[in-house]
Peer 1: 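Pasting a structure here, questions to come.
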Number of protein chains: 2
Amino acid sequence: MIDYGDLNALSRFYQLLAEHNRLLILYSLGLECRPVSAIIADTGLSQTNVSFHLRKLREAGLVRGEKNGSFVFYCLPDPELLDLLNRFREWHEPANTDH
Amino acid sequence: MIDYGDLNALSRFYQLLAEHNRLLILYSLGLECRPVSAIIADTGLSQTNVSFHLRKLREAGLVRGEKNGSFVFYCLPDPELLDLLNRFREWHEPANTDH
DNA sequence: TGCTTATATGTGTATTTACTCATATATTCT
DNA sequence: AGAATATATGAGTAAATACACATATAAGCA
């Protein structure tokens, strides 16, 4: 019976990535900072639903939100996160390198 | 409204990582091939539960199972997967580099 | 052929969670 | 101040799922 550290926290982290609309939001952001309204337009999700997911992502540190006037711009906190997401995606979809 | 590819499949993939006992099983395997009974001993999970999770991991290609006598040895399919898991873990737990 | 060990699987249940609706807050403009 | 816009949040609901229990399959051994 081995201790592998806090896998609960890590699994909650993966849980956030385990939802296609949250991935959609993260990929929609990419390396840019964009207001919620732009995310809504990109994804076609409802305003309520985008805010619902952004809250979870924000609380876990997967996105940062910065207020600018009446807009809130969201960004990935770290370019390395996008890199990791892309690596995982390539591992998972090795056939799709050509489209 | 942009198409970011098949994020449904990718999210189902992350879903598999989004459970602490499945992470426990994956880390218990590491780069070795081990029989189910060893996983049970390592993790302290019930036999039923380990088989339950191994099936999901197997069906998604996150582990491979090879029969040897009355044992079934499970392995990660690819050392790069463990590397990715470790990178994600480091990204998520940057403070824990010293224990 | 039984008996035991190793692993898999179908069913039922309790918990989690993604989503919508209604509403709240905050900012800008007139 | 009042209206319009941008975003956030609480409550309720339907669907997904982790787990245990019981049982099935399959291999090795007496």
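Note that these values count all heavy atoms, side chains included, but never hydrogens, waters or copies made by symmetry. Nothing here was measured: the structure is a model prediction, and the numbers come from that model. In the text below, chain A, chain B and the rest are named by the order of the sequence lines, each starting its count at 1.
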Peer 1: Kindly point out which of D:dG10, D:dA20, D:dT7 is positioned nearest to the side chain of A:T48?
Peer 2: D:dG10

Peer 1: Expressed in angstrom and rounded to an integer, what is the separation of A:L17 atom CG from C:dA18 atom P?
Peer 2: 12 Å

Peer 1: Out of curiosity, A:H53 NE2 to A:T43 OG1, how far, rounded to the nearest 0.5 Å?
Peer 2: 9.5 Å

Peer 1: Measure CZ/A:F73 against P/D:dA8 and give the value in whole Å, please.
Peer 2: 13 Å

Peer 1: For B:S51 and C:dA8, is the shortest distance between a side-chain N/O and OP1 or OP2 below 4.0 Å?
Peer 2: yes

Peer 1: So if I take every side-chain heavy atom of B:R58 and compare against D:dA18, C:dA8, C:dT17, which nucleotide ends up nearest?
Peer 2: C:dA8

Peer 1: How many whole angstroms separate atom CG of B:N68 from atom P of D:dA26?
Peer 2: 17 Å

Peer 1: Can you tell which of C:dT9, D:dT7, D:dA18 lies closest to the side chain of B:R55?
Peer 2: C:dT9

Peer 1: Between B:K56 and D:dT17, is there a side-chain N or O to OP1/OP2 distance below 4.0 Å?
Peer 2: no

Peer 1: Of A:F52 and A:S70, whose nearest nucleotide on DNA chain C comes first from the 5' end?
Peer 2: A:F52

Peer 1: To the nearest Å, how far apart are A:E19 CD and C:dT17 P?
Peer 2: 11 Å

Peer 1: Is B:Y74 touching bases, backbone alone, or none of the nucleic acid, heavy atoms closer than 4.0 Å?
Peer 2: sugar-phosphate

Peer 1: Take the protein atom CG of B:L45 and the nucleotide atom C1' of D:dC19, then report the distance between them rounded to whole Å.
Peer 2: 11 Å

Peer 1: Atom CG of A:N49 to atom P of C:dA18: distance rounded to whole Å?
Peer 2: 9 Å

Peer 1: Look at the side chain of B:Q47 against the base of C:dA6 and say whether a donor-acceptor pair falls under 3.5 Å; ignore hydrogens and angles.
Peer 2: no

Peer 1: To the nearest 0.5 Å, what is the distance between CG (B:L7) and CZ (B:F13)?
Peer 2: 13.5 Å

Peer 1: Can you find a side chain N or O atom of A:H53 that sits less than 4.0 Å from OP1 or OP2 on C:dT17?
Peer 2: no

Peer 1: Between atom CZ in A:F71 and atom P in C:dT27, what is the gap in whole Å?
Peer 2: 13 Å

Peer 1: Using the closest heavy atom to pick a nucleotide of DNA chain C for each, name whichever of B:V72 or A:K67 lands nearer the 5' end.
Peer 2: B:V72

Peer 1: State whether the side chain of B:S11 and the backbone N or O of B:N8 hold a donor-acceptor pair below 3.5 Å, judged by distance alone.
Peer 2: yes

Peer 1: In Å and rounded to the nearest 0.5 Å, what is the OH to OG distance from B:Y4 to A:S28?
Peer 2: 4.0 Å

Peer 1: Let's see if you can work this out: which of C:dA18, D:dC19, C:dT7 has an atom nearest to the side-chain heavy atoms of A:Q15?
Peer 2: C:dA18

Peer 1: Take the protein atom CD of B:E66 and the nucleotide atom P of D:dA26, then report the distance between them rounded to whole Å.
Peer 2: 19 Å

Peer 1: Under 4.0 angstrom, heavy atoms only, what part of the nucleic acid is B:R12 near: base, sugar-phosphate, or nothing?
Peer 2: nothing

Peer 1: To the nearest 0.5 Å, what is the distance between OH on B:Y14 and CZ on A:R22?
Peer 2: 12.5 Å

Peer 1: Measure the shortest side-chain to side-chain distance between B:F73 and B:L29 over non-hydrogen atoms and say whether it is less than 4.5 angstrom.
Peer 2: no

Peer 1: For A:N21 and C:dC19, is the shortest distance between a side-chain N/O and OP1 or OP2 below 4.0 Å?
Peer 2: yes

Peer 1: Think A:S37 has a side-chain N or O under 4.0 angstrom from the OP1 or OP2 of D:dT7?
Peer 2: yes

